[in-house]
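To start, the structure under review is shown below, and the notes come after it.
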Amino acid sequence: MLTPESLARIDREIAKYPEGQRQSAVMSALAIAQEEKGFLAHETIEYVAHYLGMKPIAALEVATFYNMYDLKPVGRHKLTVCTNLPCMLSGGVHALEYLQEKLGIGLDETTPDGKYTLKQGECMGACGDAPVLLVNNRRMCCKMTPEAIDAMLAELT
Amino acid sequence: MAILGSINPILTAGLDGDRTWRLADYVARGGYTALRRVLGERIPPNEIIAEVKKSVLRGRGGAGFPTGLKWSFMPRTLPGDKYLVCNSDEGEPGTFKDRDLLRYNPHAVIEGMVIAGYAIGATRGYNYIHGEIWELYQRFEEAIAEARAAGFVGQNILGSDHSFELYAHHGYGAYICGEETALLESIEGKKGQPRFKPPFPASFGLYGQPTTINNTETLASVPFIMNMGGDAYLAAGKPGNGGPKLFSVSGHVNRPGNYELPMGTPFATLLEMAGGVRGGRKLKAVIPGGVSAPVVPGDVMMEATLDYDGVSKAGSMLGSGAVIVMDETTCMVKALERLAFFYHEESCGQCTPCREGTGWLYKIIHRIENGRGRPEDLDLLGSLPGNISGRTICAFGDAAAAPVQSFLKHFRDEFAYHIEHGRCLVPVEVQRAGSSFFTAPAEG
Ligand SMILES: Cc1cc2nc3c(=O)[nH]c(=O)nc-3n(C[C@H](O)[C@H](O)[C@H](O)COP(=O)(O)O)c2cc1C
Ligand code: FES
């Protein structure tokens with residue numbers, strides 16, 4: 001169900017924890033699975049659970065608890081814009097509105113071509129660089145003025 | 001570079017260039033000398049704890065608990081596994097200092113962890129890193145690998161009998177995991193729901209074993225305390241508030257970023273270093289310790305000093321040192337609405353007063369903000385925090401209640417205006433201009 005590369009990465013995570021604590025690797029295992037599959041289908045979560053020797057329901061609980069897991073398909077580029085207060089004071093909400101207008105979609109929606117999904121996020125611990133957004137959970141983009149957003153969109157393919 | 005200024009820096013001293021996070025650079029700055037001395041001279045653990053107590057280093061994660069005292073709770077001679085956990089989950093809105101420590105000075109965190117592990121008798125450590133900073137999680141893993149290769153981490157460190165294995169754990173988006181027992185649950189591979197205390201982590205922590213949890217900045221301070229001595233570190237701050245502190249300044253200032261200042265520095269000095277209020281506008285309010293700290297009116301804050309006691313005198317908390325500056329373009333109802341949304345979203349759902357109460361708070365503030373407030377809403381809103389605060393397993397409930405109480409206390413008129421007129425006291429165009437998004441680039 002997962003590629004040998006993903007499994008090797010998960011094994012490296014398992015090795016960080018004491019004997020008998022494979023479940024500790026569930027957060028990273030789910031993140032790795034999501035990176036490979038694009039989102040976490042129930043079969044994927046179940047597969048990860050079995051791989052770690054935990055109950056599928058326990059892995060599902062983790063997948064639904066943490067905000068960065070996607071349990072439904074998302075676009076090729078998931079853009080999560082921080083709108084929490086410190087960012088809001090420096091344009092976080094305006095950046096989100098700007099993106100909504102440019103992409104022609106609302107919050108939690110995906111463009112018809114499947115390229116972008118727009119999400120709202122909570123503080124990313126980067127408020128001095130507001131407005132801040134995250135691309136596919138991995139790449140943080142800072143000081144996202146209208147020009148910076150335009151440049152980012154031009155670069156993402 | 002997001003460390004924009006300092007006065008007598010310790011944690012951020014010498015951080016020039018883009019290789020400061022590398023082992024070689026850290027060693028050239030004097031890094032790992034504290035660890036070498038501790039292990040080389042076999043300094044007894046209780047002497048290290050005594051030194052940290054002398055420094056009056058207080059936990060930088062928000063509560064300000066004395067670090068040396070916390071360490072002394074660990075049953076260090078008890079056989080069995082013991083753990084040290086570094087809290088780099090930094091999710092308190094307004095806070096972005098640990099991110100810069102991990103970005104520019106990760107080896108100070110590692111060295112601090114190895115020394116702390118030795119002092120409390122822990123042989124395994126985890127650094128729990130905020131989900132959104134993946135690049136720095138990767139960097140921290142690389143830094144651990146460097147330290148391990150150089151013999152600073154692992155078995156029989158520097159030929160001594162002290163062993164300490166260190167790993168990074170990557171979070172995935174849950175504010176509550178900054179709470180120490182939720183964080184432990186999270187490392188165990190579960191939902192991040194806080195545990196009831198007691199038992200405290202020092203007796204029942206990670207995997208049920210004795211565990212100490214400290215903030216990133218707290219642990220990064222340890223090597224410097226060992227190098228300069230507890231007395232000198234204390235003197236770098238003010239009595240009862242040892243050392244310097246990192247302040248994350250965000251919001252309506254010209255130069256948002258991190259500043260390292262001695263404890264006790266006037267807020268006015270920090271504001272000036274941060275370039276003053278954006279566009280030369282008037283300061284309206286400040287949240288001085290992350291959004292869970294009460295809001296303080298601007299004029300009161302201008303008289304306050306930045307240390308645990310000084311901020312507490314101004315009616316708030318130093319918390320994590322996240323200073324959120326709001327100028328006259330801010331609508332306080334809208335600001336509080338966003339915070340209420342955050343707490344409602346992030347409540348772990350375990351305790352009814354918090355799960356339901358944060359929903360009510362958001363619902364009421366949301367309707368006031370959207371012109372549908374009712375005359376009785378102010379009293380209703382005022383009555384809720386007391387029914388959440390102190391009635392939950394963890395301090396999240398208090399954190400959700402504090403902003404509501406303080407916003408109502410200091411800016412009640414604005415809420416009343418909203419209810420009466422169905423709109424903001426601060427005109428919408430003024431608010432819009434305040435963010436600078438549509439005008440100047442945010443470059444500072
Ligand atoms: C809701 C909540 C969120 C918290 N978030 C953080 C955090 O992001 N980082 C942190 O270091 N401490 C956070 N704390 C405090 C921790 O529980 C803990 O006190 C701290 O990490 C201890 O480290 P220190 O003694 O070095 O400050 C939070 C507490 C609560 C109640
Ligand atoms: S509020 Fe947006 S990064 Fe902190």
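When reading the values below, keep in mind they use all heavy atoms of this one structure, side chains included, and skip hydrogens, waters and symmetry mates. Nothing here was measured: the structure is a model prediction, and the numbers come from that model.
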Side chain, backbone, both or neither: which part of [X] has an atom under 4.5 Å from a heavy atom of chain B?
{"X": "A:Leu60", "result": "neither"}
{"X": "A:Met27", "result": "side chain"}
{"X": "A:Thr80", "result": "neither"}
{"X": "A:Tyr98", "result": "side chain"}
{"X": "A:Ala95", "result": "both"}
{"X": "A:Cys142", "result": "side chain"}

Looking at [options], which has the largest count of heavy-atom pairs under 4.5 Å with chain A?
{"options": "B:Ser186, B:Gly434, B:Ala174", "result": "B:Ser186"}
{"options": "B:Cys177, B:Gly91, B:Ser250", "result": "B:Ser250"}
{"options": "B:Gln431, B:Arg278, B:Glu345", "result": "B:Arg278"}
{"options": "B:Gly171, B:Gly192, B:Gly251", "result": "B:Gly192"}
{"options": "B:Glu90, B:Lys190, B:Met326", "result": "B:Lys190"}
{"options": "B:Arg124, B:Glu337, B:Arg338", "result": "B:Arg338"}

Do any N or O atoms from the side chain of B:Asp89 and from the backbone of B:Gly178 form a donor-acceptor pair under 3.5 angstrom?
yes
Donor-acceptor pair, side chain of B:Ser88 and main chain of B:Ile129, under 3.5 angstrom:
no
Are B:Tyr175 and B:Phe396, when compared by the centres of their aromatic rings, separated by less than 6.0 Å?
yes
Does the ring centre of B:Tyr128 sit less than 6.0 Å away from the ring centre of B:His169?
yes
Between [Y] and [X], does any NZ, NE, NH1 or NH2 come within less than 4.0 Å of an OD or OE carboxylate oxygen?
{"X": "A:Lys16", "Y": "B:Glu141", "value": "yes"}
{"X": "B:Lys97", "Y": "B:Glu217", "value": "yes"}
{"X": "A:Glu155", "Y": "A:Arg139", "value": "yes"}
{"X": "A:Glu35", "Y": "A:Arg9", "value": "yes"}

Against chain A, label [X] side chain, backbone, both or neither, depending on which of its atoms sit under 4.5 Å from a heavy atom there.
{"X": "B:Ile287", "result": "side chain"}
{"X": "B:Tyr126", "result": "side chain"}
{"X": "B:Val253", "result": "neither"}
{"X": "B:Thr329", "result": "neither"}
{"X": "B:Cys348", "result": "both"}
{"X": "B:Arg432", "result": "both"}
{"X": "B:Glu165", "result": "neither"}
{"X": "B:Ile187", "result": "both"}
{"X": "B:Leu336", "result": "neither"}
{"X": "B:Lys334", "result": "both"}
{"X": "B:Glu92", "result": "backbone"}
{"X": "B:Ser248", "result": "neither"}

Applying ring-ring contact (aromatic ring centres under 6.0 Å, His included) to A:Tyr17 and B:Tyr167, what does each step give before you reach the verdict?
CA-CA 9 Å; A:Tyr17 306 96; B:Tyr167 305 96; 7.3 Å; no
Are A:Thr3 and A:Glu36 close enough, and set up right, to give a side chain to side chain donor-acceptor pair (under 3.5 Å), and what steps lead you there?
CA-CA 8 Å; A:Thr3 61; A:Glu36 181 191 317; 3.2 Å; yes
Step-by-step salt bridge (Lys or Arg N to Asp or Glu O under 4.0 Å) determination, B:Asp98 to B:Arg60
CA-CA 10 Å; B:Asp98 298 336; B:Arg60 306 300 197 221; over 6 Å; no
Is the ring pair B:Tyr137/B:His170 parallel, tilted or perpendicular, if the boundaries are 30 and 60 degrees?
parallel
Taking atom NZ of A:Lys115 as the centre, does the number of heavy atoms from other residues, nucleotides or ligands within less than 6.0 Å exceed 12?
yes
Indicate the atoms forming the closest heavy-atom contact of B:Ile324 with A:Pro86, along with that distance.
CD1-CG, 3.9 Å
Most contacts with chain B, counted as non-hydrogen pairs under 4.5 angstrom, among A:Thr83, A:Leu134, A:Val26
A:Thr83
